[in-house]
Protein chains: 2
Amino acid sequence: MLDSAPDSAVDPEAPSLPRIAGTVAASLHGTLLAQLRDYVVEGNLAPGARVPERLLCERFGISRTPLREALKVLASEGLIDLLPNRGARVRQLGPEEMVALFDVMGGLEALAGRLACEKITEAAFSEIERLHHAMYAAYLRRDLHGYFTGNQAIHDRIVEAADNEPLATTYANFAGRLRRVRYAANLDEDRDRWGEAMREHEEILDALRRRAGPELSDILFRHLRNKRRAAAVRESAAAEA
Amino acid sequence: MLDSAPDSAVDPEAPSLPRIAGTVAASLHGTLLAQLRDYVVEGNLAPGARVPERLLCERFGISRTPLREALKVLASEGLIDLLPNRGARVRQLGPEEMVALFDVMGGLEALAGRLACEKITEAAFSEIERLHHAMYAAYLRRDLHGYFTGNQAIHDRIVEAADNEPLATTYANFAGRLRRVRYAANLDEDRDRWGEAMREHEEILDALRRRAGPELSDILFRHLRNKRRAAAVRESAAAEA
DNA sequence: GACCAAAAATTTGCATTCATTTCTGCGTGA
DNA sequence: TCACGCAGAAATGAATGCAAATTTTTGGTC
C-alpha cells in the first residue's frame with residue numbers, strides 16, 4: 001500500500017471556492033466530453049463496434065490526448081468498454097443489463113417522486129398538471145409523438161422538482177445509457193399498455209397533488225417496471241425479426 | 001452540430017464480446033484509478049486542497065498523462081472538482097450537498113431493499129439475520145465499533161442481494177463520496193438515536209423476512225433520513241467547535 | 001482451396017515536449 | 001503603508017514521439 005501519512009505538503013487553504021457548477025466547469029475538455037458523449041448516445045457508432053481514436057481525432061480536430069481522457073470518462077459512465085491494449089468499444093446491452101438499468105431508473109424516479117413531494121412548488125406542480133392534461137389529449141387523439149414528448153417532460157419535471165443535483169446527474173447518466181434502446185415506440189400496437197400507462201400517470205398526478213411521497217415513490221417504480229416489461233417484449237420481438 | 005450520418009466506416013462486427021467485467025477491465029490504468037481514488041477517499045488530501053499533479057506522479061511513479069486521465073474520471077465521479085487552467089481540487093461538501101447525497105443514498109438503499117426482496121436467497125437472508133443478531137449483541141454491550149461494522153455489513157449485503165451491477169457500482173460511488181464525512185461516530189453520545197436505529201433495523205429484518213419489498217424500501221429510506229439527521233446534528237455541532 | 005505461420009502495418013499506452021495560462025515575488029508609486 | 005503592476009517561475013492543457021501490443025497481410029504448405 002501507499003504510505004498513509006496525510007499529505008501535509010499540499011496547501012490546506014481554499015476555505016470556500018467559487019463553487020463551479022457540476023463536476024467539470026465549462027471548459028474545452030468539458031465541451032469535447034459532451035460532444036463525444038452525444039456522438040455515442042445518438043447511435044453514430046454501432047453497438048459493440050470499435051471506437052477508432054484516429055478517426056474521432058480527425059472528426060473533432062484534436063489530438064489523441066484529450067480524446068483518450070474523454071474516453072476514460074465515458075467508460076466510467078458506462079457508455080463504452082475499455083479493453084486493455086485493444087481500444088474502446090461501444091457498450092452493448094444484453095437483456096440482463098437492460099433489466100438492471102431499468103430497475104435503477106425506476107429507483108431513481110421513485111426517489112425523485114418522493115423528494116418532489118417534499119419540495120415542489122405550487123407553480124411547478126401546476127406545470128406538471130398542464131403537461132399531464134396535454135399528454136392525455138395526445139393519448140385521446142392517438143398522437144404517439146405528442147404523448148411521448150409529454151411523458152418525457154413530466155418525468156423530467158419530477159426529477160427537476162426533486163431539487164437534488166447528484167440525483168439529476170445520475171438520472172441523466174442512466175437515461176443516456178438507455179437512450180440507445182428505443183423503448184418508447186410501438187405503443188400504438190399495444191393499446192393495453194398505453195391505456196395502463198395513462199392510468200398510472202393519473203395515479204402519479206394524484207399522488208403528487210396530495211404530496212404523498214412514499215405512495216408516489218411506489219407508483220413510479222411500478223410504472224417503470226411496467227414500461228420495462230413492454231420494452232422487453234418489443235426487444236425480444238425485435239431480436240426474433 | 002456534427003454531421004449526423006452514422007459512421008458506417010467502423011466495423012459493425014463484434015456480435016458478442018467476452019464481456020469484460022465492469023466499466024474498465026483490470027488494466028494498468030484501472031489499477032492507478034483505484035489507487036488514486038482510495039488515496040482521495042481515505043482523506044490523504046485536505047478537502048478543498050489542490051491536487052498536485054507533479055507530486056502524485058512521483059508518488060505513483062508514472063507520468064502526467066495517465067494521472068490526468070484518472071483525474072478526469074475522478075471528477076466525473078464527483079470526488080474532485082476540475083477548474084480550467086487551475087488544476088484539480090478535492091471536492092468539499094457543504095451542508096446542502098451532504099443532504100443531497102444522503103438522500104440519494106437513501107433512494108439507492110430503498111431500491112436495493114426492494115430488489116433484494118425479489119431475489120434474495122434463503123442462505124443470503126440467513127447471513128443477514130446472523131449479522132443482525134451479532135449487531136444487536138454489540139448494541140447491548142455498547143460496542144460501537146462492532147455495531148458499526150455489522151451495520152455496514154448488513155447494508156452491503158442488501159445491496160449485494162439486489163443483484164444489480166449498475167446499482168452496486170452507483171451505490172459504491174456515493175458511499176465513497178460520503179466516506180470523507182465520518183457520520184457514524186458518536187452514537188454513544190446519542191443513546192436515543194442508537195436505540196431508534198436498532199428498532200429500525202428490527203423492522204428492516206422483519207420486512208426482509210416477509211419479502212415485503214415496498215415496505216422495506218420505505219423503511220430503508222426513512223432509516224437513511226434519520227441517519228442523516230443524526231449526522232447533520234453532529235456536523236453543525238462540529239462546525240461550531 | 002483451406003489452413004497456418006511470420007512479417008508488415010496499424011493501434012494502443014505512456015512519456016516527453018511545447019505553448020499558454022496562472023501564480024508568486026518584488027519593485028514602483030500614490 | 002498599501003495598492004498596483006510587472007517580470008520570472010511554476011503549473012496546466014494539449015501535441016508529438018516512441019516502445020509494446022495487436023491486427024492485418026503475405027507467403028507457404030498440406
Side-chain angles (χ1 to χ4, degrees), chain A residues 7 9-18 20 22-36 40 45-46 48-76 80-91, chain B residues 7 9-15 17-18 20 23-36 40 45-46 48-76 80-91:
Chain A
D7 234 347
V10 297
D11 54 0
E13 46 86 37
S16 69
L17 297 168
I20 305 290
T23 50
V24 63
S27 68
L28 198 63
H29 163 259
T31 308
L32 169 67
L33 181 60
Q35 281 184 334
L36 192 57
V40 173
L45 267 40
R50 273 181 86 133
V51 180
E53 290 186 3
R54 189 77 56 179
L55 285 187
L56 290 177
C57 285
E58 295 172 6
R59 178 177 296 277
F60 292 107
I62 51 164
S63 84
R64 284 177 53 221
T65 306
L67 182 89
R68 285 171 56 74
E69 290 173 352
L71 285 179
K72 297 288 200 299
V73 174
L74 259 45
S76 91
I80 61 178
D81 286 316
L82 253 34
L83 286 68
N85 289 319
R86 299 174 66 196
R89 298 190 112 94
V90 178
R91 172 168 281 195
Chain B
D7 234 348
V10 297
D11 55 0
E13 46 87 37
L17 297 168
I20 305 290
T23 51
V24 63
S27 67
L28 197 62
H29 163 257
T31 309
L32 169 67
L33 181 59
Q35 281 184 333
L36 192 57
V40 173
L45 267 39
R50 273 182 89 124
V51 180
E53 291 187 2
R54 191 74 58 179
L55 285 186
L56 290 176
C57 286
E58 293 171 9
R59 177 178 296 277
F60 291 107
I62 51 165
S63 85
R64 284 179 54 220
T65 306
L67 182 89
R68 294 179 99 269
E69 290 174 352
L71 286 179
K72 298 286 200 294
V73 174
L74 259 45
S76 91
I80 62 178
D81 286 316
L82 252 35
L83 287 70
N85 288 318
R86 301 169 80 213
R89 298 191 112 94
V90 178
R91 173 168 281 196

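Note on naming: letters A, B, ... go to the chains in the order of the sequence lines (proteins, then strands), and numbering restarts at 1 for each one. Just so it is clear, the values below take in all heavy atoms, side chains as well, and ignore hydrogens, waters and symmetry mates.
Between R68(B) and dG13(D) there is a side-chain N or O to OP1 or OP2 distance below 4.0 Å. Regarding contacts with the backbone of dC23(C), a side-chain N or O of R86(B) is found under 4.0 angstrom from either OP1 or OP2.
A donor-acceptor contact under 3.5 Å links the side chain of T65(A) to the base of dA15(D). Looking at R64(B), its side chain comes within 3.5 Å of the base of dG13(D) through a donor and an acceptor atom.
At least one donor-acceptor pair closer than 3.5 Å links the side chain of R89(A) to the backbone N or O of G48(A).
Here the P atom of nucleotide dA14(D) and the CG atom of L71(A) are 14 Å apart, to the nearest Å. Computed from coordinates, the F60(B) CZ to dA15(C) C1' distance equals 18 Å when rounded to whole Å. Protein atom CG of L67(A) is 10 Å distant from nucleotide atom P of dA15(D), rounded to whole Å. L83(B) has its CG atom 22 Å from the P atom of dT20(C), to the nearest Å. Atom-to-atom, CZ of R89(A) to P of dT22(D) comes out at 14 Å; the value is rounded to the nearest Å. Across the protein-nucleic acid pair, L56(A) atom CG and dA15(D) atom P stand 14 Å apart, rounded to whole Å. Remark: C1' of dA14(D) and NE2 of H29(A) are 12 Å apart, rounded to the nearest angstrom. Rounded to a whole Å, the CD atom of E69(B) is 12 Å from the C1' atom of dA15(C).
For the atom pair K72(B) NZ and I80(B) CD1, the distance stands at 9.0 Å (nearest 0.5 Å). Put simply, CG on L56(B) and CG on L36(B) are 6.0 Å apart, with the number rounded to the nearest 0.5 Å.
Test E53(B), E69(B), E58(B) against R64(B) for salt bridge (Lys or Arg N to Asp or Glu O under 4.0 Å) and you get one pass: E53(B).
Looking at L82(B) and L74(B), their side chains never come closer than 4.5 Å, going by heavy atoms from C-beta outward.
For the pair N85(A) and E53(B), both in contact range of DNA chain D, the more 5′-proximal nearest nucleotide belongs to E53(B).
Counting only heavy atoms from C-beta on, S63(B) has its side chain closest to dA15(C) among dA14(D), dC23(C), dA15(C).
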